[in-house]
Each structure stands twice: as C-alpha cells, then as structure tokens.
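In what follows, chains are A, B, ... by sequence order, proteins preceding strands, each numbered from 1. Remember, it's a predicted structure, so these values are computed and weren't measured experimentally.
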There are 2 protein chains.
Amino acid sequence: MESKTDQFRGYLKRFVELTDPEWQALEKELTFRTLPKKRFLVQQGQRTKELYFLVQGAARLYYEKDGDEKTTYFFFENNLLGDYLGCLAGQPSAMSIQTLEDCELIAFRYETLTALYEQFPVYQIFGRKLAEYLFMGLDMRLAELLTLTPEERYLKFISTSIKRKIIERIPQQYIASYLGITPVSLSRIRRRIADS
Amino acid sequence: MESKTDQFRGYLKRFVELTDPEWQALEKELTFRTLPKKRFLVQQGQRTKELYFLVQGAARLYYEKDGDEKTTYFFFENNLLGDYLGCLAGQPSAMSIQTLEDCELIAFRYETLTALYEQFPVYQIFGRKLAEYLFMGLDMRLAELLTLTPEERYLKFISTSIKRKIIERIPQQYIASYLGITPVSLSRIRRRIADS
DNA sequence: CTGATTTATTAACTTATGTAAAGAATTTTA
DNA sequence: TAAAATTCTTTACATAAGTTAATAAATCAG
C-alpha cells in the first residue's frame, strides 16, 4: 500500500528524479490536510502562500464577477493546485479554489519551494519544468477557447474526460462555466447533439 | 548607441544577472535576421526549433481554423517570441507568427538554451523565470477572456495599449480577433462606446 | 424514507454577435 | 499622384446565446 507521501514523490518523478536527501528536505516540510466538500482552499482577494498536492478528491477554480462565478479549471487526485500566480506575483488571489468532494491534501509553503531552489539544483530544474508544464496547459486551453465554438469545446471536453470518468464528478453548471457558456446554453447544446 | 546584442542582454536582466562569460556563451550562438512585413516567423504545422528576440517591429500570433484566422497575441520590440510550446513539447506548431511590420530579430536555437541550462546554473534560473513569466501572462489573459465581456475586454485593451502607442500599429481586424469577436462586432462596440 | 434543497431542463423572450454584401475610408504601390 | 488593394463601417438578416421563470429530476440531510 502506497503512502500519501509516496504518492506525492511518485508525482514529482514526472519532472525530476530526487535522491533521498533531496526528497527528505521537502518531505519534512509537508503537512497533511483533509477538507470537506464545498470548502475553500484559496479565497479570492486573500493572500495564499501555500501550494497543495491533491491526494484524493476534486476541486474547481473559479473567478467571481458581478455576483456570479466563472469556473475555469478542475483538479483531481494526483495533481498540484493552488494560487501559483499569486505566489509568483506576490499578490492576493484573483480567484477561489473550492473542493467539489471531500479532499485529502498535502500542503507546503511556496517559500519552502523557493528555498529548495537555492539549496538543490534539482529543485531549480523542477521549478522550471513545473512552470513549463503549467504554461503548456494554459496555452492549449487558451487555443481551444479562441478557436473552437462552445459546442466543439463541449465535444472535446467529454471526449477527453469520459475516459477518466471525470465528467460524472462535476456538476453540469460548472462544466458550462468552464466552456464559457451558461448552464441553460449547455443544456441546449446537449439537446442538439442528442437529437442529431 | 546601444547595439542589438546589448538590447537583448538588457532584456535578459529582467530575469537574471549574467556574468560576461555566461553571456558570451549565449551571444556566440545568436544570429541576426531582418524580415519584411507580412512574412512568417513560425508556420502552423511546421516544426520550429528557434526562438527570437524582437529588436524592432511587430508581429502577431494566430491560429488558422476553417479558413479563417484567430489572432491571439501581439508582439513588439524588446520581447521574446516563437513557438515556445512547440519547442517544449517537441511538436509541430499549432499556430503561425506573422510580422505586422518590417522586423529586426535575433534568433537562437531552442537547443542552445537547453544546453545552457546544463552548463550554467544561472540559465536554469532564467529558464524557470521565463516559463513563470509566460505562465503569468497566459493566466491573466485567460482570466480576462473568461470573466470579461467583449466590450469590457476592448476597453481594457485600449486602456493598457494606448499608453504604449500600440493600438495604432495593429489593424482593427486583428484586435477584434484578439478580443474573440469579429471585426463587424468590434465596429459596433466602438460605435456604442462613442455614442454613449 | 421522506421532505427539503440543489441541479438540470425546458420555454418564452430579448439581445448581442455572426454572416454576407455594399460602400466609405485608408493605405499601399507603381 | 493616381489607381489598386486593403481595411473599416454600415446595413439587413439569421442565429446562437443570455435572461428569467417554471417545471422536472436528482441529491442531500434529518
């Protein structure tokens, strides 16, 4: 049975190979959290200085504007999440991250990461690869938003998420928001697709 | 009078301080280009392995889809450009970059950069900061697209670009595309704003 | 299990945007 | 400088999406 820290260490292997001492330097700074459904990991307007690894559960990222919420991203187990932009820019968060299910998390301070950049060259590489990875995700998402119609985005979304059984874990309204449309509009699109 | 390489070295100071030997390792790999208006730096579907520093001029990034073009980004002097995603992912370019004016460029191979990562720790830091910088730009752009209406995006665009006299260098149709709308729609928005 | 709450669908109506085409204005270039 | 090409605006029409509200379905909590 794999422990939570093992799971996190395994995730980091996507980016770099860590020796035991390198890993332990990070490991000793980790803290564990559990968070029930519908709670906040990041709150718009507040400073966060922590990043998280999602051991189990799901969350969404959203912006609040004029009283309504625009969901722009989803997170599932085995991924990092948090206000990376806010940490980098040293600014209050422009968005909120809310759990969609009960979550198990590993938390670490952003400062821990930057301190590791100084102490171990391998973390410098990790930091670069992490930023590159996040850049790639955003670049592809932006391209989709600007080049596909809402209907095309929906079809693409289900085709990539159905395999990972993601879709049934996310309420429709958040998917609509993710696609840049209203829940009403998504209902109509689903109808159009079903009818054809 | 500042030389082109000095200009580039000055730009890099945003990210890291380079010693003379560190800088010279990069400098000796640089090549200079000039490119007339309306020419391509990157072509959708092709592999590029070069990145560029724009000494003088302007360019746009666009995706072609169903015969029409979606412009998603503009570049001006004193900035890096190129298919960074393609370089990272080792994939053919998903978009094109076309000059909007006659351009003066400094070119360098992406492999030169990754080789420098290995040779000098400072370039590892540069690589991280560059990716972080690009991530921040995309993250903010995505938030704008998903939370603002086309009219709000236009107002924001002119307020930030008017100072830098950028707006008069870009044809309206490309700005429309950047905002995610058609030129016709942008004309109407401009009319609405002027009337009110 | 059942009532309460949340979520999804549907309908009616409004509005903003897309499309196509024509004309005006601007820019390019020969 | 004048003709050609490109770009911008306007009009008319079609359509997809937003809004509001009502109903249906699913989920949650006691």
Side-chain angles (χ1 to χ4, degrees), chain A residues 36-39 57-58 60 62-71 74 98-102 144-155 157-158 161 165-196, chain B residues 36-39 57-58 60 62-71 74 98-103 145-155 157-158 161 165-196:
Chain A
K37 191 172 174 173
K38 299 234 176 191
R39 296 291 187 74
R60 71 181 176 111
Y62 71 89
Y63 292 81
E64 186 177 328
K65 195 211 163 197
D66 304 336
D68 69 8
E69 301 173 351
K70 309 277 185 178
T71 296
F74 302 108
Q98 184 189 41
T99 55
L100 291 172
E101 304 172 353
D102 295 348
E144 277 179 27
L145 267 172
L146 288 164
T147 63
L148 303 181
T149 63
E151 182 162 333
E152 289 169 330
R153 294 202 290 273
Y154 176 67
L155 290 169
F157 182 79
I158 54 174
S161 68
K165 302 199 174 176
I166 277 174
I167 217 161
E168 55 257 36
R169 292 168 68 182
I170 310 172
Q172 212 81 240
Q173 57 181 320
Y174 300 144
I175 295 173
S177 187
Y178 178 85
L179 300 171
I181 55 179
T182 59
V184 176
S185 193
L186 179 55
S187 255
R188 284 189 288 228
I189 287 171
R190 285 160 55 82
R191 186 62 135 62
R192 275 207 298 272
I193 292 169
D195 287 353
S196 63
Chain B
K37 191 172 173 173
K38 301 237 176 186
R39 296 291 187 74
R60 71 182 177 113
Y62 71 88
Y63 292 82
E64 185 177 328
K65 195 211 164 198
D66 303 336
D68 69 7
E69 301 172 351
K70 310 277 186 179
T71 297
F74 301 108
Q98 185 189 42
T99 55
L100 291 172
E101 304 172 354
D102 295 348
C103 286
L145 267 172
L146 288 165
T147 64
L148 303 182
T149 63
E151 182 162 334
E152 290 169 329
R153 294 202 289 274
Y154 176 67
L155 289 170
F157 181 80
I158 54 173
S161 68
K165 302 200 175 177
I166 278 174
I167 218 161
E168 55 256 37
R169 293 168 67 181
I170 310 171
Q172 211 82 239
Q173 57 180 322
Y174 299 144
I175 295 173
S177 187
Y178 177 85
L179 300 172
I181 55 178
T182 59
V184 176
S185 194
L186 178 55
S187 254
R188 284 189 287 229
I189 287 171
R190 285 160 55 80
R191 186 62 135 63
R192 276 208 297 273
I193 292 168
D195 286 354
S196 62

- prompt: To the nearest 0.5 Å, what is the distance between CD (A:Gln98) and CD (A:Glu69)?
  reply: 6.5 Å
query: D:dT10 phosphate, OP1 or OP2: any side-chain N/O from B:Arg191 under 4.0 angstrom?
result: yes
statement: Per atom distances to the A:Lys37 side chain, the nearest of D:dC28, D:dT19, D:dT6 is D:dC28
statement: Between B:Arg169 and B:Ala58, the two heavy atoms sitting closest are NH2-CB, 3.9 Å
Toward the 5' end of DNA chain D, by each residue's nearest nucleotide, A:Pro183 or B:Val184: B:Val184
- line: note: A:Leu146, atom CG; C:dG18, atom P; distance rounded to Å ~ 12 Å
- prompt: How long is the gap from CD on B:Glu151 to OG on B:Ser185, to the nearest 0.5 Å?
  reply: 10.0 Å
- prompt: Between C:dA8, D:dT19, D:dT7, which nucleotide gets closest to the side-chain atoms of B:Lys38?
  reply: D:dT7
- prompt: Considering only C:dT7, D:dC8, D:dA17, which nucleotide approaches the side chain of A:Arg192 most closely?
  reply: D:dA17
statement: B:Asp68 CG to C:dA20 C1', in whole Å, measures 14 Å
- request: Would you classify A:Ser185 as touching base, sugar-phosphate or nothing, given that sugar-phosphate means primed atoms plus P, OP1 and OP2, and contacts are heavy atoms under 4.0 Å?
  value: sugar-phosphate
query: Can a side chain N or O of A:Thr182 be found less than 4.0 Å away from OP1 or OP2 on D:dA17?
result: no
message: From C-beta outward on B:Pro150, which listed nucleotide comes closest to its side chain: C:dT17, C:dA11, D:dG18?
response: C:dT17
- prompt: Rounded to the nearest Å, what distance is computed from the CG atom of residue A:Leu186 to the C1' atom of nucleotide C:dA8?
  reply: 10 Å
task: Find the distance A:Leu100:CG to D:dC28:P and express it as a whole number of Å.
output: 12 Å
- prompt: Just how far, in rounded Å, is P of C:dT26 from CD1 of B:Ile170?
  reply: 19 Å
- prompt: How far apart are the C-alpha atoms of B:Phe74 and B:Leu100, what are their side-chain angles, what is the distance that settles it, and do they pass the side-chain contact (heavy atoms from CB on, under 4.5 Å) test?
  reply: CA-CA 9 Å; B:Phe74 301 108; B:Leu100 291 172; 4.1 Å; yes
- request: Taking only the side-chain nitrogens and oxygens of A:Ser187, find out if one of them lies under 4.0 Å from OP1 or OP2 of C:dT10.
  value: no
query: Hey, does B:Arg190 reach any base, or is it just sugar-phosphate, or nothing, if we go heavy atoms under 4.0 Å?
result: sugar-phosphate
task: In whole angstrom, give the distance that lies between atom CG of A:Leu179 and atom P of D:dA16.
output: 17 Å
- request: Measure from CD on B:Gln172 to C1' on C:dT27 and round the result to the nearest Å.
  value: 14 Å
query: Do A:Tyr178 and A:Arg60 get their side chains close enough for a donor-acceptor pair, meaning under 3.5 Å?
result: no
- prompt: What integer distance in Å separates B:Ile189:CD1 from D:dC8:P?
  reply: 15 Å
